[in-house]
Amino acid sequence: MHTLETLTRLAVFASGFVALFAAHHAADYLLQSDTQSERKAGWDELDKRGALVRHHHGWGANQMHAATHSIAELVALVILAAVVHLPLSVTGTALAVGWNHLTHSIIDRRWIVRAWMANTGSAEFIHRGGMPLVDQSMHIVVGLFPAALLLTI
């Protein structure tokens, strides 16, 4: 592979990851509503006596939150491509944003986070508020793959 081509691919990967990472944090902390945060994993409601009356699945809030991520990522990548003339393909961009939408939806349901913690010796950390930290770690780990997808032509 030609050296300039290698450097270009590395630049796309690295700058794409940074843009997706920044968009992720904007969507999770600046743009996420309290309702999305409270309901994206599903929730229970209590009646006036404190008895559990129904369970809501929360997929609407989950998908609105994931859509916020997708929009933030598209905006970040379009700005990156326009400002520094980074060569991003429509296919690679669509695959990267689609991957993030799917994985973000699944991770934010929290069952996978809880299962990971319960089965890796971190069950007590759940009760000490560790789920959001493990949630973010999972997002970062799976967030490397879409940066590579940006290299798709």
Side-chain angles (χ1 to χ4, degrees), residues 9-81 86 88-153:
R9 291 175 65 79
L10 286 170
V12 169
F13 177 82
S15 57
F17 177 78
V18 170
L20 292 169
F21 188 74
H24 168 88
H25 285 283
D28 259 3
Y29 300 110
L30 299 174
L31 304 173
Q32 181 173 211
S33 70
D34 288 343
T35 300
Q36 289 173 354
S37 178
E38 293 166 358
R39 297 181 176 185
K40 65 187 177 185
W43 77 99
D44 296 326
E45 288 188 2
L46 305 176
D47 65 14
K48 293 176 184 176
R49 296 171 293 153
L52 184 63
V53 291
R54 62 183 179 196
H55 176 75
H56 295 271
H57 296 287
W59 278 109
N62 179 284
Q63 289 306 295
M64 286 301 294
H65 176 58
T68 302
H69 273 269
S70 296
I71 292 167
E73 290 165 6
L74 283 172
V75 168
L77 291 171
V78 166
I79 290 171
L80 181 66
L86 200 67
L88 297 177
S89 71
V90 172
T91 302
T93 301
L95 288 170
V97 171
W99 170 265
N100 276 337
H101 185 98
L102 176 65
T103 58
H104 205 91
S105 297
I106 294 168
I107 292 169
D108 277 4
R109 293 302 287 181
R110 293 285 173 92
W111 64 267
I112 196 167
V113 177
R114 184 179 300 279
W116 177 270
M117 294 176 78
N119 291 295
T120 58
S122 300
E124 287 301 314
F125 194 37
I126 293 170
H127 306 296
R128 294 193 314 268
M131 284 186 67
L133 299 171
V134 173
D135 168 285
Q136 288 302 309
S137 296
M138 286 182 168
H139 289 308
I140 291 167
V141 169
V142 301
L144 284 171
F145 183 64
L149 289 171
L150 293 173
L151 302 173
T152 305
I153 296 174

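The figures here come from the full heavy-atom set of this structure, side chains too, leaving out hydrogens, waters and symmetry mates.
Under the side-chain hydrogen bond (donor to acceptor under 3.5 Å, both in side chains) criterion, Glu38 pairs with no residue at all, not counting sequence neighbours. Partners of Asp108 under the side-chain hydrogen bond (donor to acceptor under 3.5 Å, both in side chains) rule, at least two apart in sequence or in another chain, are Lys40, His65, His104, His139. Val142 pairs by the side-chain contact (heavy atoms from CB on, under 4.5 Å) definition with Trp99, Thr103, Ile107, not counting sequence neighbours. In this view, Phe13 satisfies the ring pair (Phe, Tyr, Trp, His ring centres under 6.0 Å) rule with no residue, not counting sequence neighbours. For the ring pair (Phe, Tyr, Trp, His ring centres under 6.0 Å) test, residues two or more places apart in sequence or in another chain that qualify with Phe17 are Phe21. Partners of Arg128 by side-chain contact (heavy atoms from CB on, under 4.5 Å), not counting sequence neighbours, listed by chain and number: Glu124, Phe125. Remark: Ser33 engages Thr35, Gln36 in a side-chain contact (heavy atoms from CB on, under 4.5 Å) (not counting sequence neighbours). Residues that satisfy the salt bridge (Lys or Arg N to Asp or Glu O under 4.0 Å) test with Arg110, not counting sequence neighbours, are Asp135. Taking Ile71 as the reference, Val75 meet the side-chain contact (heavy atoms from CB on, under 4.5 Å) condition, with sequence neighbours excluded. In this structure, Thr93 has no side-chain hydrogen bond (donor to acceptor under 3.5 Å, both in side chains) partners at least two apart in sequence or on a different chain.
A distance-only check finds a donor-acceptor pair linking the side chain of Ser89 to the backbone of Thr152 [under 3.5 Å].
To the nearest 0.5 Å, atom CD1 of residue Ile79 and atom CG of residue Leu74 are 11.0 Å apart. If you take CD1 on Ile106 and NE2 on His101, they are separated by 10.0 Å, rounding to the nearest 0.5 Å. Put simply, OG on Ser105 and CH2 on Trp59 are 6.0 Å apart, with the number rounded to the nearest 0.5 Å. Here the straight-line distance linking atom CG of Asn100 with atom NE2 of His24 works out to 8.5 Å at 0.5 Å rounding.
Ala61 approaches Arg39 most closely through the heavy-atom pair CB-CB, 3.8 Å. Heavy atoms only, all atoms of each residue included: Ser15 and Leu80 are closest at O-CD2, 3.6 Å. Across all their heavy atoms, Ala76 and Ala19 have their closest contact at CB-O, 3.8 Å. Scanning both residues, Ala96 and Leu150, for their nearest heavy atoms gives CB-CD2, 3.8 Å. Here the closest non-hydrogen pair linking Ala72 and Ala27 is CB-CB, 4.3 Å. Of all heavy-atom pairs spanning Ala81 and Leu88, the tightest one is CB-CD1, 4.0 Å.
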Derivation of the side chain to side chain contact (heavy atoms under 4.5 Å, CB included) call for Phe145 and Leu149:
CA-CA 6 Å; Phe145 183 64; Leu149 289 171; 3.6 Å; yes
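No hydrogens or angles considered: a donor-acceptor pair under 3.5 Å links the side chains of His69 and Asp28.
Legend: salt bridge (Lys or Arg N to Asp or Glu O under 4.0 Å) pairs involving residues 65-79, not counting sequence neighbours: none detected.
Surrounding CH2 of Trp111 are at most 12 heavy atoms belonging to other residues, nucleotides or ligands under 6.0 Å away. Residue Met64 places its CE atom among 12 or fewer non-hydrogen atoms of other residues, nucleotides or ligands, all under 6.0 Å distant.
In this structure the side chain of Asn62 reaches within 4.5 angstrom of the side chain of Arg109, judged on heavy atoms.
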